[in-house]
Amino acid sequence: MLQIPTVGLEMAASMNSRRILVGYRKQGSHSVEIAPFQQCVFDYFGVSGETTKLSCSLQDGLVVLSNEGDEKVLVKHPSFCPMHALTESDVKLIPAETISRGFDVGVATLLQSSDRHLLMTRRAKHLRNFPGIWVPPGGHVEANETLQEAGLRELEEETGLRIKPEDCISIKVLALWESVYPAMLSQGLPKRHHMVIYQIAIVDEDHIKLQERLALDPNETDAAAWLSEDCLSEIAMSADNNQPMRELPCHLPQTFQSVVLRADTNQPTIQVMQTSMLFATAPPTGPDVERISTGTKFAIQQWCKANGNSFN
């Protein structure tokens, strides 16, 4: 079993006092531990497989994950989770400044329009983590804000859509995803470790009206698209299969429209994209490809299940 040095905890606690990190509390314990950067959450709780249920709460500057409590949410990591695959030798090669970052928290908001479309954005190509990958708007939690507030603040900063909790028909946590960058150990040693909290925010406005208010931030995202329920259902059914889809289902259109910022002017323009891109998967080695992130596919799957669809 991978041994987790306590020095990593001390460094994380001292260097990240203003950032919201992950904390652990096991059943029966009254104390909270700061989660080490290099430890898989499933290994800490002694869980085999790819899914479990944990409680999640914001307490004293930490998002505390625990295997006790009645209000638990589904947590998943991929079968190829880099943190789970790390060896003692691998950990020794990770720079101290990377270890000291700790296990970060991110909140991503799945914005659902009244006509049941979800907003997806493409991460700007100059970003260090997952550049050019499609995800819901999201980012880190700041001090003195709730998880809901963090998700909606990031939504506004990245897309210009200002939505308050009281503007939502419903807003709640959907699921959690353990995210590591690079996505596979075969692509390099971990540089970032996040617990991504996916929340679903439902508003009483259709996607066409919402799109009229889009104002993408080129520092964060360079494209956005509203995906239909039919398309989302197909993405959900493919979420557990880490293989690219060979043929699109006949009922899906071959292309979809997205708002894209021009590289030279950052002005928005409508661009037609191939629907097949939405079903691409991360390659085990070499450069990444444009795709929806694995965690986002999982979140879409949970959204579909919450809406009455089931997948075997």
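As a basis for the values below, the full set of heavy atoms in this structure was taken, side chains included, without hydrogen atoms, waters or symmetry mates.
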Show which side-chain atoms of residues 214-226 pair as donor or acceptor with protein atoms under 3.5 Å away, not counting sequence neighbours.
unit_1, atom_1, unit_2, atom_2, d
Asp217, OD1, Asn219, N, 3.0
Asp217, OD1, Asn219, ND2, 3.3
Thr221, OG1, Arg122, N, 3.4
Thr221, OG1, Arg122, O, 2.6
Thr221, OG1, Ala223, O, 3.1
Asp222, OD1, Arg122, NE, 2.7
Asp222, OD1, Arg122, NH2, 3.3
Asp222, OD2, Lys125, NZ, 3.2
Trp226, NE1, Gln211, OE1, 3.4

Give the table of side-chain donor-acceptor pairs shorter than 3.5 Å for residues 275-288, with sequence neighbours excluded, one pair per line with atom names and distance.
unit_1, atom_1, unit_2, atom_2, d
Thr275, OG1, Pro253, O, 2.8
Thr275, OG1, Gln254, O, 3.1
Thr275, OG1, Thr255, N, 3.2
Asp288, OD1, Arg291, NE, 2.9
Asp288, OD2, Arg291, NH2, 3.0

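Contact annotation: the side chain of Glu33 never approaches that of Lys26 to less than 4.5 Å [non-hydrogen atoms, C-beta and beyond]. The side-chain heavy atoms of Leu155 and Leu119, taken from C-beta on, include a pair separated by under 4.5 Å. At a threshold of 4.5 Å between non-hydrogen side-chain atoms, the residues Ile300 and Met120 count as touching. Residues Thr98 and Pro190 form no side-chain contact, since every pair of their non-hydrogen atoms from C-beta on lies 4.5 Å or further apart. Residues Leu176 and Leu65 meet the side-chain proximity criterion, which asks for heavy atoms closer than 4.5 Å. A heavy-atom distance below 4.5 Å is not found between the side chains of Val32 and Asp60. Contact annotation: the side chain of Ser179 approaches that of Phe130 to within less than 4.5 Å [non-hydrogen atoms, C-beta and beyond]. Looking at heavy atoms from C-beta onward, Lys76 lies out of side-chain contact with Gln302 at the 4.5 angstrom threshold.
Other residues, nucleotides and ligands place no more than 12 heavy atoms under 6.0 Å from the NZ atom of Lys53. Crowding of Glu71 atom CD: a count of heavy atoms from other residues, nucleotides or ligands under 6.0 Å not exceeding 12. The local environment of CG in Asp70 is sparse, with at most 12 non-hydrogen atoms from other residues, nucleotides or ligands closer than 6.0 Å. Atom CZ of Arg162 is surrounded by 12 or fewer heavy atoms from other residues, nucleotides or ligands within 6.0 Å.
Taking each heavy atom of Ile292 and Leu227 in turn, the nearest pair found is CD1-CD1, 4.1 Å. Taking all atoms of both residues into account, the shortest heavy-atom contact from Leu161 to Leu210 is CD2-O, 3.4 Å. The two atoms that bring Phe103 and His194 nearest to each other are CE2-C, 3.2 Å, heavy atoms only. Annotation for Cys304 and Leu232: closest pair SG-O, 3.8 Å, computed over non-hydrogen atoms. Shortest non-hydrogen contact noted between Leu86 and Gln38 is CD1-O, 3.8 Å. Ala108 and Val196 make their closest contact through CB-CG1, 4.2 Å (heavy atoms, listed as atom of the first residue, atom of the second, distance).
With hydrogens and angles ignored, the 3.5 Å screen pairs a side-chain donor or acceptor of Ser238 with a backbone N or O of Ile235. The backbone N or O of Glu178 lies less than 3.5 Å from no partner atom in the side chain of His77, so there is not a single donor-acceptor pair. Put simply, the side chain of Ser29 never gets that close to the backbone of Arg25: no donor and acceptor are under 3.5 Å apart. Looking only at distances, no side-chain donor or acceptor of Gln148 sits under 3.5 Å from a matching main-chain atom of Pro165. In terms of modelled atom types and a separation under 3.5 Å, the side chain of Ser66 and the main chain of Glu68 share a donor-acceptor contact. Under the 3.5 Å distance criterion, the side-chain polar atoms of Arg123 are left unmatched by any main-chain donor or acceptor of Val135. Looking at Ser113, its side chain never comes within 3.5 Å of a backbone N or O of Asp206 through a donor-acceptor pair.
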* For Asp115 and Lys209, what are the C-alpha separation, side-chain angles and deciding distance, and is it a salt bridge (charged side-chain N to carboxylate O under 4.0 Å, His left out)? -> CA-CA 11 Å; Asp115 52 349; Lys209 290 183 179 179; over 6 Å; no
* To do: List the steps and the verdict of side-chain contact (heavy atoms from CB on, under 4.5 Å) for Asp104 and His140.
  => CA-CA 8 Å; Asp104 277 302; His140 290 101; 3.9 Å; yes
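Taking hydrophobic clusters as Ile, Leu, Val, Met, Phe, Trp and Tyr residues chained together by side-chain heavy-atom distances below 4.5 Å, Ile169 shares a cluster with Ile200.
Note: Phe45 and Tyr24 have perpendicular aromatic rings, judged against thresholds of 30 and 60 degrees for the angle between ring planes.
You'll find the ring centres of His84 and Phe42 outside the 6.0 Å limit. Taking the six-membered ring wherever Trp is involved, the centroid distance between the rings of Phe298 and Tyr198 does not fall below 6.0 Å.
Checking Thr87 against Asp90 by side-chain atom types alone, a donor-acceptor pair falls below 3.5 Å. At a cut-off of 3.5 Å, with distance as the only test, a side-chain donor of Thr109 or Gln199 sits close to an acceptor on the other residue.
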